[in-house]
Structure formats: structure tokens, C-alpha cells
Amino acid sequence: MNEWNRSVIEEFRANAGVVSGVFTGIALLILHNVGAKSGEPRLNPLAYQQLEDGYAIFGSMGGAPKNPAWVHNIAANPKVEVEFGDRTEVLVARVASGSERARIWAKQKVDMPQFAEYEAKTDREIPVIVLESAA
């Protein structure tokens with residue numbers, strides 16, 4: 001894990017999910033996933049959107065040309081654990097597509113305009129991942 005992610009996670013855990021700086025006022029979670037090749041646990045702090053029956057996360061990577069590694073990891077191992085500051089949930093991840101993806105993505109760009117900037121920086125379609133109950 002890089003130092004920046006480590007410091008965000010430490011602040012998140014110390015403050016029941018609240019993080020300052022660039023994340024002030026942003027709903028964050030910590031995604032626990034398993035490396036597709038290594039089988040090692042991975043942690044990623046991510047912005048999320050509350051859905052009616054779950055949550056959405058976004059493989060933006062700041063508009064980089066490639067998807068973040070966690071997108072590949074959850075495709076291989078879709079059962080994930082998610083920290084929300086004061087609670088943890090076991091969820092199943094799936095890639096949204098079609099009108100579902102379009103609806104969620106459009107809302108995310110309105111709620112957090114930096115996601116529109118990320119989209120403009122890349123030629124790839126930014127993955128929208130839905131996290132749903134594992135039950």
C-alpha cells in the first residue's frame with residue numbers, strides 16, 4: 001500500500017470515517033479486496049455513492065489511462081469487505097452496465113464534479129462497480 005492511502009486509512013479509522021483535506025465532506029469507504037494474482041489482502045479508500053440497495057464505487061484512478069488494480073481484483077474475487085467508519089459489511093461486487101451504469105455515473109458527476117474531469121482525461125470508460133448484500 002502506498003503512503004498516501006495509508007495516511008487516508010489511518011485518518012479514516014481514527015475519526016469514524018471522516019477524512020480532511022481533499023476528502024472533506026466526501027463519503028468514503030475502505031474497500032477490502034484480495035489480489036487476483038497474489039491472493040494478498042488489499043485496502044483502498046474510495047468515494048462512494050449510496051444506492052437504494054447498496055453502494056457504487058468508481059474505478060476512476062484520477063483519469064489515468066488504465067483501471068486501478070482493485071477493479072481487476074474484484075472481478076476475480078467479487079466478495080469484498082467494506083468499512084464505513086463505524087461498521088463493516090461483507091458485500092458482493094459487480095460491474096454496472098447499460099442504463100444502470102449511465103444513471104449512477106451521471107449522478108456521481110453531478111454530486112462530485114471532479115469525476116467529470118477524470119472522465120475527460122481518459123479514453124476508457126470508467127468502471128462503475130455496484131456493491132450489494134452478500135446474503
Side-chain angles (χ1 to χ4, degrees):
M1 174 184 326
N2 67 44
E3 187 54 39
W4 189 79
N5 276 358
R6 184 180 323 281
S7 67
V8 171
I9 290 168
E10 287 173 2
E11 184 177 1
F12 178 97
R13 288 177 172 163
N15 297 299
V18 177
V19 180
S20 61
V22 297
F23 292 117
T24 299
I26 295 175
L28 286 183
L29 58 75
I30 299 175
L31 176 72
H32 295 240
N33 60 98
V34 176
K37 292 180 185 175
S38 69
E40 295 294 319
R42 305 282 186 230
L43 300 176
N44 300 95
L46 300 168
Y48 73 93
Q49 182 185 127
Q50 178 79 50
L51 304 176
E52 186 174 317
D53 293 322
Y55 313 91
I57 54 177
F58 309 90
S60 63
M61 202 165 159
K66 292 171 46 174
N67 288 336
W70 64 260
V71 171
H72 176 70
N73 292 343
I74 62 172
N77 302 297
K79 189 174 180 182
V80 298
E81 188 173 297
V82 179
E83 288 181 55
F84 290 99
D86 60 347
R87 64 184 169 45
T88 301
E89 292 185 40
V90 175
L91 301 167
V92 176
R94 65 174 174 80
V95 178
S97 62
S99 62
E100 178 189 41
R101 182 203 178 275
R103 176 180 45 79
I104 295 168
W105 183 242
K107 183 176 184 328
Q108 188 66 12
K109 292 189 295 183
V110 168
D111 292 350
M112 296 182 66
Q114 61 267 46
F115 280 84
E117 295 171 18
Y118 303 154
E119 182 179 51
K121 288 182 183 178
T122 187
D123 294 329
R124 67 185 170 88
E125 181 176 85
I126 293 175
V128 173
I129 310 299
V130 174
L131 305 173
E132 300 169 309
S133 174

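Being a predicted model, the structure only gives us computed values, none of them experimental.
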Could you go through Y118 and M61, starting from their C-alpha distance and side-chain angles, then the distance that decides it, and tell me whether this counts as side-chain contact (heavy atoms from CB on, under 4.5 Å)? CA-CA 8 Å; Y118 303 154; M61 202 165 159; over 6 Å; no
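- With contacts defined as side-chain heavy-atom distances shorter than 4.5 Å, the pair L51/I104 qualifies.
- Under the 4.5 Å side-chain criterion, counting only non-hydrogen atoms from C-beta, K109 is not in contact with K107.
- Listed by chain and number, the residues in a salt bridge (charged side-chain N to carboxylate O under 4.0 Å, His left out) with E117 amount to none (sequence neighbours excluded).
- Residues forming a side-chain contact (heavy atoms from CB on, under 4.5 Å) with M112 (at least two apart in sequence, or on another chain): I26, A47, Q108, Q114, F115.
- V19 places none of its side-chain heavy atoms less than 4.5 Å from the side chain of P45.
- Between W4 and F23, the gap from one ring centroid to the other is short of 6.0 Å.
- No single ILVMFWY cluster, assembled from side-chain heavy atoms under 4.5 Å apart, contains both Y55 and V8.
- The shortest side-chain heavy-atom distance between L46 and F58 does not fall under the 4.5 Å cut-off.
- Residues A76 and A36 share a closest heavy-atom pair of CB-CB, 3.7 Å.
- Grouping Ile, Leu, Val, Met, Phe, Trp and Tyr residues whose side-chain heavy atoms lie under 4.5 Å apart, directly or via other members, leaves V110 alone, with no other cluster members.
- Of the possible polar contacts, none joining the R103 side chain to the G98 backbone as a donor-acceptor pair under 3.5 Å is found.
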For residues 127-135, run the donor-acceptor check on the side chains, cut-off 3.5 Å, and write out each pair with its distance to 0.1 Å, sequence neighbours left out.
residue : atom : partner : partner atom : Å
E132    : OE1  : R94     : NE           : 2.9
E132    : OE2  : R94     : NE           : 3.4
E132    : OE2  : R94     : NH2          : 3.1
S133    : OG   : A135    : N            : 3.1

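- Among residues two or more places apart in sequence or in another chain, the side-chain contact (heavy atoms from CB on, under 4.5 Å) test is passed with S99 by none.
- Hydrophobic clustering of Ile, Leu, Val, Met, Phe, Trp and Tyr side chains at less than 4.5 Å, counting indirect connections, keeps V71 apart from V92.
- Inter-residue side-chain proximity for F12 and V18 is flagged as unmet; no heavy-atom pair is nearer than 4.5 Å.
- Under a hydrophobic clustering in which Ile, Leu, Val, Met, Phe, Trp and Tyr are joined whenever their side-chain heavy atoms come within less than 4.5 Å, directly or via other members, Y48 and V22 fall into different clusters.
- Every residue two or more places apart in sequence or in another chain that forms a salt bridge (charged side-chain N to carboxylate O under 4.0 Å, His left out) with R101 is listed here: E125.
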Which donor-acceptor pairs under 3.5 Å do side chains of residues 80-88 form with protein atoms, sequence neighbours excluded?
residue : atom : partner : partner atom : Å
E83     : OE1  : R13     : NE           : 3.1
E83     : OE2  : R13     : NE           : 3.3
E83     : OE2  : R13     : NH2          : 2.6
E83     : OE2  : H32     : NE2          : 2.6
R87     : NH1  : E89     : OE2          : 3.0

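- Formation of a donor-acceptor pair under 3.5 Å by the R42 side chain with backbone atoms of L31 is not found in this model.
- Using a 4.5 Å cut-off between side-chain heavy atoms of Ile, Leu, Val, Met, Phe, Trp and Tyr, with links allowed through other members, L28 and L91 fall into different hydrophobic clusters.
- A side-chain hydrogen bond (donor to acceptor under 3.5 Å, both in side chains) check over residues 71-80, counting only residues at least two apart or in different chains, returns the pairs N33-N73.
- Among residue pairs with one or both ends in residues 14-29, those qualifying as side-chain hydrogen bond (donor to acceptor under 3.5 Å, both in side chains) are E11-S20; sequence neighbours excluded.
- The side-chain contact (heavy atoms from CB on, under 4.5 Å) search around S7 returns none, not counting sequence neighbours.
- Here salt bridge (charged side-chain N to carboxylate O under 4.0 Å, His left out) pairs that include residues 46-73, with residues two or more places apart or in two chains, number zero.
- If you take CD1 on I30 and CD1 on I9, they are separated by 5.0 Å, rounding to the nearest 0.5 Å.
- When the side-chain contact (heavy atoms from CB on, under 4.5 Å) test is applied to E3, the partners found at least two apart in sequence or on another chain are R6.
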